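All heavy atoms count here, side chains included; hydrogens, waters and symmetry mates do not. Source: prediction; values computed, not measured.
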Amino acid sequence: MRRGDSVRLQSGGVRMTIFNYVRDLPDTAKEKYKTIGADENDVVCKWFVGTTLKKDVFKPEMLMEA
């Protein structure tokens, strides 16, 4: 999986776009995710719910190609 790829959760759900890996984020953003339990190999995804942009971090094994 690479930045810009479309993915879904293995359990289903909406199509999301890979924004970045935690390891590739600037240090301030990286630390924010690490404080909530993310590690360097986790994936930051973005998606829309209506017109609202959502963002969250996922373990790579939770995702599949969309």
Side-chain angles (χ1 to χ4, degrees):
M1 291 185 289
R2 297 185 325 230
R3 186 176 183 182
D5 285 352
S6 291
V7 295
R8 291 185 196 276
L9 290 173
Q10 292 279 353
S11 59
V14 300
R15 182 184 300 237
M16 304 180 288
T17 302
I18 294 177
F19 173 69
N20 222 333
Y21 282 85
V22 171
R23 67 176 170 260
D24 297 329
L25 293 170
D27 288 338
T28 52
K30 190 184 303 186
E31 289 307 314
K32 173 188 160 196
Y33 285 112
K34 286 186 172 185
T35 61
I36 61 168
D39 66 35
E40 296 272 325
N41 294 317
D42 289 348
V43 181
V44 180
C45 293
K46 291 185 176 185
W47 68 97
F48 282 96
V49 175
T51 58
T52 304
L53 180 63
K54 301 287 188 172
K55 175 174 68 170
D56 209 343
V57 63
F58 301 94
K59 301 287 182 198
E61 57 270 12
M62 295 173 67
L63 304 171
M64 63 180 185
E65 281 187 47

message = Evaluate Asn41 against Val22 for side chain to side chain contact (heavy atoms under 4.5 Å, CB included), listing each step before the verdict.
response = CA-CA 6 Å; Asn41 294 317; Val22 171; over 6 Å; no
ask   = What do you reckon, is CD of Glu65 surrounded by more than 12 foreign heavy atoms closer than 6.0 Å?
value =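 Count not over threshold, so no.
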inquiry  = Are more than 12 heavy atoms, taken from residues, nucleotides or ligands other than Lys59, located less than 6.0 Å from that residue's NZ atom?
reply    =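 Enclosed: over 12 neighbouring heavy atoms sit under 6.0 Å from NZ of Lys59.
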query = Do you reckon Val14 sits in the same ILVMFWY cluster as Phe48, going by side-chain contacts under 4.5 Å, direct or chained?
reply =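 Val14 and Phe48: separate clusters.
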task = Verify side chain to side chain contact (heavy atoms under 4.5 Å, CB included) between Ile18 and Arg2, making sure each step is shown before the conclusion.
result = CA-CA 7 Å; Ile18 294 177; Arg2 297 185 325 230; over 6 Å; no
With a 4.5 Å heavy-atom cut-off, do [X] and [Y] have their side chains touching?
{"X": "Pro60", "Y": "Met1", "value": "yes"}
{"X": "Tyr21", "Y": "Asp42", "value": "no"}
{"X": "Val57", "Y": "Ile36", "value": "yes"}
{"X": "Cys45", "Y": "Asp56", "value": "no"}
{"X": "Leu63", "Y": "Arg8", "value": "no"}
{"X": "Met64", "Y": "Val7", "value": "no"}

request  = Go through the steps to decide whether Lys34 and Glu40 satisfy the test side chain to side chain contact (heavy atoms under 4.5 Å, CB included), and finish with yes or no.
outcome  = CA-CA 8 Å; Lys34 286 186 172 185; Glu40 296 272 325; 2.6 Å; yes
request  = Give the intermediate values and the outcome of side chain to side chain contact (heavy atoms under 4.5 Å, CB included) for residues Phe19 and Arg3.
outcome  = CA-CA 6 Å; Phe19 173 69; Arg3 186 176 183 182; 4.0 Å; yes
key: Met16 side, atom CE; Asp5 side, atom CG - distance, nearest 0.5 Å   =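 Rounded to the nearest 0.5 Å, the CE-CG separation comes out at 12.0 Å.
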ask   = How long is the span from the OH atom in Tyr33 to the CG atom in Leu25, to the nearest 0.5 Å?
value =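 CG of Leu25 is found 6.5 Å from OH of Tyr33.
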message = Given 3.5 Å as the limit, does a donor-acceptor pair link the side chain of Lys46 with the main chain of Leu53, or not?
response =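 No, the answer is negative, given that no donor and acceptor are paired below the 3.5 Å cut-off.
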